[in-house]
Amino acid sequence: MKNKQPPDPIREKKSLKISRRHFSQAGGAFTLAFLLGDRNINLTPAQAKTQKIPLQLLNPHQAALIDLLGDSIAPGAKAAGLSHYIDHQLSSTAPDNLLILKYLRVNPPFEGFYSSALMAFDKAINQRFAKNPAELTSDQMAEFITIMMTENPEGWSSAPPAPFFYFVLRSDAIDVTYGTMAAFDSLDIPYMAHIEPDHEWADRS
Amino acid sequence: MRNHAEKVDIVIVGSGAAGSLIAAEMSEAGKKVLILEAGPERGLNDLTSSQMDARRLKWSGVPVVEKGPQPIGNVFNSGYGTGGSALHHFGVWPRLHVEDFKVRSQHGRALDWPITYGELRPYYDKIQQEVGISGDAASEIWRPEGADYPLPPVPVFQQGDIIAAGFNKLGKSIAPLPLALNSRDYKGRPACLWDGWCDAGCPTKALANPLAHYLPKAKEQGGKIIHNATVTSILTNNNGNKATGVKYHAKDGTEITQLADLVVLAAFAIQNPRLLLASGEDGLANHSGLVGSYIMSHAAATVFGLFEPETEPYMGATGGQLLNQDSYDHKNKRKLGFGSYQWMIAQAVKPNDLLGYGGSNPALFGAKLTEFMQHAAQHFGGMTACVEDLPERSNRVTLSSERDKYGVPLATVNHSSHADSYALWQGAKEEGIEIFKAAEATTTWNGPLGPMHIMGGTIMGEDGEKSVTNSYGKCHDIDNLFIAGPGLFPTSGGVNPTFTVHALALRSAQYMVRNWSSLT
Ligand SMILES: Cc1cc2nc3c(=O)[nH]c(=O)nc-3n(C[C@H](O)[C@H](O)[C@H](O)COP(=O)(O)OP(=O)(O)OC[C@H]3O[C@@H](n4cnc5c(N)ncnc54)[C@H](O)[C@@H]3O)c2cc1C
Ligand code: SF4
């Protein structure tokens, strides 16, 4: 051991103070290759939603539930195209899959994970409020989310644990709402890409 | 359909940190080298700056069955394809300490390494000179003897300054974090731009990942690599005391026999023992019965806070800016538990992903989440303790009853933190909160225990009854079968493993060159 004195922290201040927004104006966007008819087109999940690109695996009801719950957790997720993002990823091969679920000890294919959890979500809401999820007030939805983040609500069955599904869908919703270049801009932080996301995805279409 | 490929001098399984270094050294020594890499080919152009895209770099080979209360986190902690996990590792490269090598001798518990720090030191020194590490050795008052870093320390941004004030207030020490990335241009590789995209893989070569240095070096010297080549077994002679090569499956499923004079397993800590266990009736090189045992994973103790001043949390490298190792030496002197840990302070952070601030506090949703995200974008701070995991024989890789498409049993990994390691993690979390409060965080919170780095499973040792390999990674039972990577570690220490992985791999490669004729 040398120099027992606590050192001064280095104070080599960077001259690199970033001018915000400077880096993210190149316009790269989080686009994926969506199937339209027999051709692939590159769109952001939000564009895919607006353009009503047909879903590959989710049915409209499942997509609506994903958007409803996702948007209640991370406002903006629905408009950012959460259901199209998840649908797109569910149909992509394991190595290319971008879903956070792959980190969480669930092996692909992931479709059953989402479909069983959505069914449980639907059923448990019906049991608690005698309503469809879309009819809940925002207070009721918040009440339900507060329960599901810590335990399985009554009626939640044949599905992954509710707190786990909450964590996964929350992460998906944060991905589409906050993980894109546009979202960095809206948070007023620089993206500073080395390689912008859309370039690679465009090449792969 | 079976094929026989042309024999090579040395076949290396895996193109990550260890495999690429050994390939470079052995090619330089004039050997005919072939790396077989299970995952796809990746170039620098594939390293897209996106936390979502980064997930493509993670393990997507055969599934691993994870068991135990603190599962190992295989997919998050492993890479697949050119460069392995090292392609998207963060380059935090401290050295192990003197005490780490002799825990059993000094404390009567855990295990000893078959080498001392002093024996490994020249290799640390050589590697850092070769690839470049930025740091300030004099400020690291805890650092064992060693050459100064070849590059000046990484800069400190707002987040680092703000958290450093907490350490200072409590009389704790800090130093620049030693990072295997360039604070200045170095040997033809550019300086870092401090944009925090290391987790997505650094495409500029500022960070010493395998694509920046050792793989190009291996290729320049004639080394070859085949991608999408999944090794399924190690071949031996009839007596089982000499490796003759490996069997692998190409992308189209063809089974190929690759003969070699020497075989190196560098397929990381879970797949190495899986391959050994699957290659012989009782496992290959498993005379000790220890293949698979002593799997370890550092427990990450995360501390988060919001601060009144702006923190610029998007600036810097993903690994962090500053280091504290006050709780490292004298493993028996911790307030809680036993072992060592270090703080990696002020990591550059993105909004999304497991390591992003969005994921840091899962209880937030709705309008509160929106408000948090907007505030955190400018005011978030974080630090992570890398907490030692004591080796336990019952933490091990075994073969599952499930098989992959080639008929090879999957790996099952059981992992449960030793009670003293768990207590150490608790203590680190508490200390972290205290430091953040001293740094005047307006809010503080901890994350759950996250497994970080995988080590052990094919440990080295002096005694063939108590370990799988000798200190050079040579299997006790088979002279021309070597293992490389953190799987060799008998104890985990409390520092990130990859600098040590490099130092050990260099030492092994030099040993192979020196003893080539007797080994083969
Ligand atoms: C997100 C992240 C951040 C990290 N940050 C740091 C850090 O800052 N500092 C640090 O010290 N460490 C860090 N690490 C750990 C570091 O990446 C590993 O310690 C290191 O890469 C291990 O080297 P390795 O060569 O043993 O394995 P790897 O680098 O993982 O390479 C193993 C290779 O073997 C291949 N393989 C596996 N099975 C087979 C098979 N059957 N046939 C053929 N090929 C096969 C894999 O596809 C892989 O490419 C980090 C890891 C991760 C995941
Ligand atoms: S922060 Fe530096 S090392 Fe990390 S990706 Fe950017 S340039 Fe590379």
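Proteins get letters first, then strands, A, B, ... in listed order; numbering begins at 1 in each. Reckoned from all heavy atoms, side chains included, excluding hydrogens, waters and symmetry mates.
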Would you mind telling me which of [options] has the largest number of heavy-atom pairs within less than 4.5 Å of chain A?
options	result
B:V65, B:L44, B:V75	B:V75
B:G196, B:G73, B:P71, B:G359	B:P71
B:K368, B:M373, B:Q374	B:M373

Practice prompt. Please lay out, stage by stage, how A:D67 and A:K49 fare under the test salt bridge (Lys or Arg N to Asp or Glu O under 4.0 Å).
Written response: CA-CA 11 Å; A:D67 281 341; A:K49 182 174 184 61; 2.9 Å; yes
Worksheet item: Judged by atom type as modelled, is there a donor-acceptor pair below 3.5 Å linking the side chain of B:D353 to the main-chain atoms of B:G356?
Response: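 Looks like no, no N/O pair under 3.5 Å.
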Discussion item. Donor-acceptor check, side chain of B:E37 to backbone of B:G39, threshold 3.5 angstrom: yes or no?
Written reply: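 Confirmed, B:E37 side chain pairs with B:G39 backbone.
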Sort [X] into side chain, backbone, both or neither according to what part of it lies under 4.5 angstrom from a heavy atom of chain A.
X	result
B:A363	both
B:E66	side chain
B:L364	both
B:Y357	side chain
B:T370	both

Worksheet item: A:Y85 versus A:L98: any side-chain heavy-atom pair under 4.5 Å?
Response: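 Result yes, sub-4.5 Å side-chain heavy-atom pair found.
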Worksheet item: Is there a side-chain contact between B:K58 and B:Y80, using heavy atoms and a 4.5 Å cut-off?
Response: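 Not touching, per the 4.5 Å side-chain cut-off.
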Worksheet entry | Contact leader toward chain B among A:D71, A:N97, A:I100, where contacts are heavy-atom pairs under 4.5 Å |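 Most pairs with chain B among the choices: A:I100.
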Worksheet item: Among A:L99, A:N107, A:D175, A:L104, which has the most heavy-atom pairs under 4.5 Å with chain B?
Response: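 Between A:L99, A:N107, A:D175, A:L104, the count favours A:D175.
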[X] and [Y]: side-chain donor and acceptor closer than 3.5 Å?
X	Y	answer
A:D172	A:Y114	yes
B:Q325	B:H97	yes
B:H415	B:S297	no

Side chain, backbone, both or neither: which part of [X] has a non-hydrogen atom closer than 4.5 Å to chain B?
X	answer
A:Y178	both
A:S72	backbone
A:A142	both

Worksheet entry | NZ/B:K169: more than 12 non-hydrogen atoms of other groups inside 6.0 Å |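 Count over threshold, so yes.
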